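What you are looking at is a predicted structure, and each value in this text was computed from that prediction instead of being measured.
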Amino acid sequence: LVRRAGTPRTYVTLDDIGSLALARRDPEGFLRQLPRPVTIDEAQRAPEILLPIKKEIDRQPKAGQFLLTGSSRIELRQGVRETLVGRAAILKLRPMTWSEAEGDAGRNPVDDLFSCRTARDVAARFSKGDPLDGERVLGGGLPVPLLKRKGSARRRWFEQYRSAYVERDVPPLLRVEDLSGFIRFVTLLASRTAQTTNYATLAHEAGISADTGLRWFGVIEATFLADLVPPYWKNLGKRLVKSPKLHFGDAGLAAHLAGVRSWADAMRQNLAGPLLETLVAQHLLAFSECARRETALFHYRTHAGAEVDFVLARGSRLLPIEVKSGIGV
């Protein structure tokens with residue numbers, strides 16, 4: 001993406017052993033040899049470069065000299081916040097939306113929703129969609145399974161992703177000694193997507209302590225394996241203490257981890273609705289974060305059981321959104 005978009009930039013990846021060795025051994029010399037502007041991919045492999053980058057930016061404060069990309073690693077994000085405070089912007093690249101996959105990324109449906117004044121306007125603008133393709137929901141929004149892989153090929157890709165990211169990259173951040181317990185915990189999160197969160201119950205079912213479950217979930221959220229959608233309350237204090245709703249970071253990965261291999265499987269396991277709702281959450285979060293005006297995403301539930309899947313909030317305007325996977329409901 002970054003090699004194709006925008007103005008031409010020098011590109012170097014720290015997956016290259018030689019570049020990585022130089023960046024760790026002599027970070028200032030490594031940066032000095034790179035023509036600007038430069039993109040450094042997999043930058044989390046060499047946090048040593050952050051302080052020299054700060055010096056370069058202070059010496060020549062020109063925006064866009066350095067673009068650091070790569071997998072989400074807590075150490076790198078923390079280092080950027082601490083070392084490059086006031087000098088860097090952190091951008092979250094969410095899974096693809098279906099409109100992006102179809103080459104139509106020029107409009108934002110969240111902005112379109114708020115441009116409508118009545119429910120009739122919304123219906124007129126959004127009622128011409130195609131019938132739900134459940135198999136497409138299982139593709140999620142990660143580019144390869146969404147765009148290129150189907151059936152068994154898609155399952156193999158998700159299995160490789162699980163092995164590489166969920167089992168290899170994330171556990172070291174948690175200093176996980178009980179890998180099987182961690183896999184059980186992540187699998188439970190996937191099967192409980194689109195539900196309100198009870199850490200103690202999840203931890204108990206995974207066979208770990210409540211403190212361990214809370215610590216693990218903090219890292220899982222920070223590495224984008226899951227998102228928390230807070231409840232809507234007029235009272236800000238209540239928003240902070242009431243139960244958020246958990247959505248797995250990608251509906252396709254959630255389906256794979258939960259053992260869903262087809263839309264018929266999803267229906268049998270009562271996961272069709274939650275997986276569709278999680279896919280909608282992916283889209284609403286992505287569109288809200290790049291909307292023209294600041295827009296927040298909540299869910300709504302009363303003690304009496306009244307519930308709305310999503311509430312978009314922009315200033316004093318609130319837009320409720322209900323997700324249904326069935327027909328005629």
Whether Tyr300 and Tyr232 hold their rings parallel, tilted or perpendicular, with breakpoints at 30° and 60°: tilted
From CD1 (Ile49) to CZ (Phe30), nearest 0.5 Å: 6.0 Å
Modelled atom types, side-chain donor and acceptor of Ser99 and Asp104, under 3.5 Å: no
NZ/NE/NH1/NH2 to OD/OE distance under 4.0 Å, Arg301 and Asp309: no
Asp121 and Arg125 ion-paired at < 4.0 Å: no
Ring geometry between Tyr161 and Trp157 (parallel below 30°, tilted from 30 to 60°, perpendicular above 60°): parallel
Note: Glu28-Arg59 ion pair, threshold 4.0 Å (strictly below): no
Distance-minimising heavy-atom pair for Val110 and Arg314: CG1-NH2, 4.0 Å
Check ion pair Arg154-Glu159 (N to O, under 4.0 angstrom): no
Pair Thr197-Ser243, side-chain donor/acceptor within less than 3.5 Å: no
Non-hydrogen atoms of Pro37 and Gly64 that approach each other most closely: CB-O, 3.5 Å
is_close_aromatic(His204, Tyr199), centroid dist under 6.0 Å: no
Residue of the set His283, Gln282, Glu289 for which side chain to side chain donor-acceptor pair (under 3.5 Å) holds with Arg94: Glu289
